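Structure record follows, encoded as structure tokens.
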Amino acid sequence: YLTYDAAAAAPVFNYNVGDNNISNSQAVKGIPVIPALYNYKGFLYIELEDVIAPNVINFYVELGRKEGNIPTDTKPDYYYLSTSGWQLLPILSDGTNNLSCSGIITFNFPQDISNQTSLMNSENYWICLATKSDISNYPEITFLKTNGVLLTRSGSEYLFDTTEPKINSDSISKSHTAIPEIANIVQPFPSFDGKGMENDSIKNKRISSRLKTKDRIVSLTDYYSVVQQEFNDIYYSKATYNNKKITVYVVKRSNNVNDYNAFAPMITICAEEKIQQYLEARTSAFTTITVANFSFLTVTVNTTITVAN
């Protein structure tokens, strides 16, 4: 009701997320009192301040991991609030694999994004994520920030370090060369991937495994050896066989008890796919391989504590 009585100029249509999917002839037939929603099952509204448009903006999204399958084939739709209502927001790249993994989403904010509208009770800018998949399928968003970037370590001196090159969170607070346009830099998460220089012990194990398997996986124990050798972020793995189907269950390595889901360590969908592709390249084409997290069981411990005087 506020939309139609507000002093600010109201859009002709596009009152609801998804209304811009209708044609102009449909729009002039009447006021959309009840949103059609266009088969959307969930929405995430994000309020933004100090938007400069037109401009390219990155959003870094850190996602948790939940048990079960996460849909990666259902692409969310993104909208922005303009002077003419909700419009489709151009997306340039999606490093989250349709919100199944942590990564960076890059949008192209158009010129007509506006905070001068009565559709939302706020003077800020708004964008919206709309999904046709059930919202219970999506993992929890543990961190969301604009202007996210992905850095790759440069230089060569660390290449001779036999320990894994690791940068703890909050280690980077400024750029090597000052950039006047950047007020501050935040590094909320530690670095990932990367390996230390191979020492004699690791080299001997690698050569021994190569001589044994010829870079081909044959037995169930080969799966364990290959995963432990290639993926240092996996703490434990176990392969099972059933009717020409191999399922490799993995446990993520956690280095800090304060990490998200440290006591239910699960890898992301993207990590599952990466391990699966690596194993498939070394396994018979007649074997179906699936990589998955273990299913966790809740254990309740009852105890009696006696406090001495």
Side-chain angles (χ1 to χ4, degrees), residues 61-75 94-103 133-134 136-140 142 164 166 191-196 198-199 201-256 259-299:
V61 185
E62 179 74 16
L63 299 174
R65 183 64 164 94
K66 60 185 300 183
E67 291 190 54
N69 296 323
I70 298 176
T72 59
D73 56 347
T74 303
K75 183 179 180 180
D94 182 3
T96 67
N97 194 17
N98 295 330
L99 287 180
S100 62
C101 311
S102 301
S133 180
D134 196 287
S136 62
N137 294 329
Y138 288 94
E140 178 183 356
T142 61
E164 180 183 349
K166 201 76 173 179
S191 62
F192 56 91
D193 290 342
K195 293 183 177 181
E198 188 179 67
N199 55 31
S201 176
I202 297 176
K203 180 189 68 174
N204 292 337
K205 291 180 180 179
R206 176 178 58 81
I207 295 176
S208 175
S209 176
R210 176 76 183 206
L211 292 174
K212 175 180 179 293
T213 65
K214 304 299 188 293
D215 203 28
R216 301 295 297 171
I217 299 175
V218 179
S219 66
L220 293 179
T221 56
D222 290 340
Y223 286 95
Y224 173 83
S225 301
V226 169
V227 170
Q228 295 302 118
Q229 177 180 298
E230 185 64 24
F231 302 96
N232 54 356
D233 57 339
I234 299 301
Y235 174 75
Y236 175 76
S237 65
K238 182 177 179 60
T240 62
Y241 175 81
N242 183 22
N243 193 23
K244 294 186 179 181
K245 294 182 179 180
I246 297 289
T247 302
V248 180
Y249 297 97
V250 297
V251 177
K252 179 183 177 181
R253 184 185 302 276
S254 294
N255 298 317
N256 193 325
D259 290 345
Y260 179 82
N261 271 1
F263 296 100
M266 293 181 286
I267 64 174
T268 65
I269 290 289
C270 295
E272 290 179 1
E273 293 178 351
K274 181 179 179 180
I275 297 174
Q276 181 172 318
Q277 292 172 0
Y278 185 85
L279 297 177
E280 286 176 341
R282 291 157 177 80
T283 309
S284 169
F286 301 99
T287 302
T288 302
I289 299 178
T290 302
V291 177
N293 291 286
F294 282 92
S295 296
F296 294 94
L297 301 177
T298 302
V299 177

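Just so it is clear, the structure is predicted and the values come from calculations on it, not from any experiment.
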Nearest non-hydrogen partners of [X] and [Y], listed with the distance:
| X | Y | value |
| --- | --- | --- |
| Tyr223 | Val248 | CD2-CG2, 3.9 Å |
| Asp215 | Arg210 | CB-NH1, 3.2 Å |
| Pro139 | Gly64 | CB-O, 3.3 Å |
| Leu99 | Tyr138 | O-CD2, 3.8 Å |

message: Regarding Glu230 and Arg282, does a basic nitrogen lie under 4.0 Å from an acidic carboxylate oxygen?
response: no
Lys/Arg N to Asp/Glu carboxylate O, Lys252 vs Asp233, below 4.0 Å: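 Salt bridge: no.
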message: We want to know whether Asp94 and Thr96 form a side-chain donor-acceptor pair, criterion being a heavy-atom distance below 3.5 angstrom.
response: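 Thr96 and Asp94 do have a side-chain donor-acceptor pair below 3.5 Å.
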query: Can you find a side-chain donor-acceptor pair between Asp134 and Ser136 that sits under 3.5 Å?
result: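 Yes, side-chain donor-acceptor contact under 3.5 Å.
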field: Derivation of the side chain to side chain contact (heavy atoms under 4.5 Å, CB included) call for Thr213 and Val226
entry: CA-CA 10 Å; Thr213 65; Val226 169; 5.7 Å; no
query: Can you tell me if Thr288 uses its side chain to pair, donor with acceptor, with the backbone of Lys245 under 3.5 Å?
result: no
query: Hey, does the side chain of Asn293 reach the backbone of Ile267 with a donor-acceptor pair shorter than 3.5 angstrom?
result: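 Answer holds: yes.
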field: Partner of Val291 by side chain to side chain contact (heavy atoms under 4.5 Å, CB included), out of Thr247, Leu279, Val227, Ile234
entry: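 Going through the options one by one, the only one that passes is Leu279.
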Kindly compute the distance separating [atom1] ([X]) from [atom2] ([Y]), expressed to the nearest 0.5 Å.
| X | Y | atom1 | atom2 | value |
| --- | --- | --- | --- | --- |
| Glu198 | Asn204 | CD | CG | 8.5 Å |
| Asp222 | Gln229 | CG | CD | 11.0 Å |
| Cys101 | Glu62 | SG | CD | 10.5 Å |
| Asn232 | Phe192 | CG | CZ | 12.5 Å |
| Met266 | Ser295 | CE | OG | 9.5 Å |
| Ser209 | Gln228 | OG | CD | 11.5 Å |

field: Worked check of side-chain hydrogen bond (donor to acceptor under 3.5 Å, both in side chains) between Glu280 and Gln276
entry: CA-CA 6 Å; Glu280 286 176 341; Gln276 181 172 318; 3.2 Å; yes
- line: Residue pairs meeting side chain to side chain donor-acceptor pair (under 3.5 Å), one or both in residues 234-244, sequence neighbours left out, come to none
task: Name all residues meeting the side chain to side chain donor-acceptor pair (under 3.5 Å) criterion together with Ser191; count only those two or more places apart in sequence or in a different chain, and write none if there are none.
output: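 Result, side chain to side chain donor-acceptor pair (under 3.5 Å) vs Ser191: none returned.
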- prompt: What residues form a side chain to side chain donor-acceptor pair (under 3.5 Å) with Thr221, not counting sequence neighbours?
  reply: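 For Thr221, the residues satisfying side chain to side chain donor-acceptor pair (under 3.5 Å) (neighbours in sequence not counted) are Ser219.
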message: In the structure I gave you, are the side-chain heavy atoms of Ile246 and Ile217 within less than 4.5 Å of one another anywhere?
response: no
message: Within the 4.5 Å heavy-atom criterion, are Ile269 and Arg65 side-chain neighbours or not?
response: yes
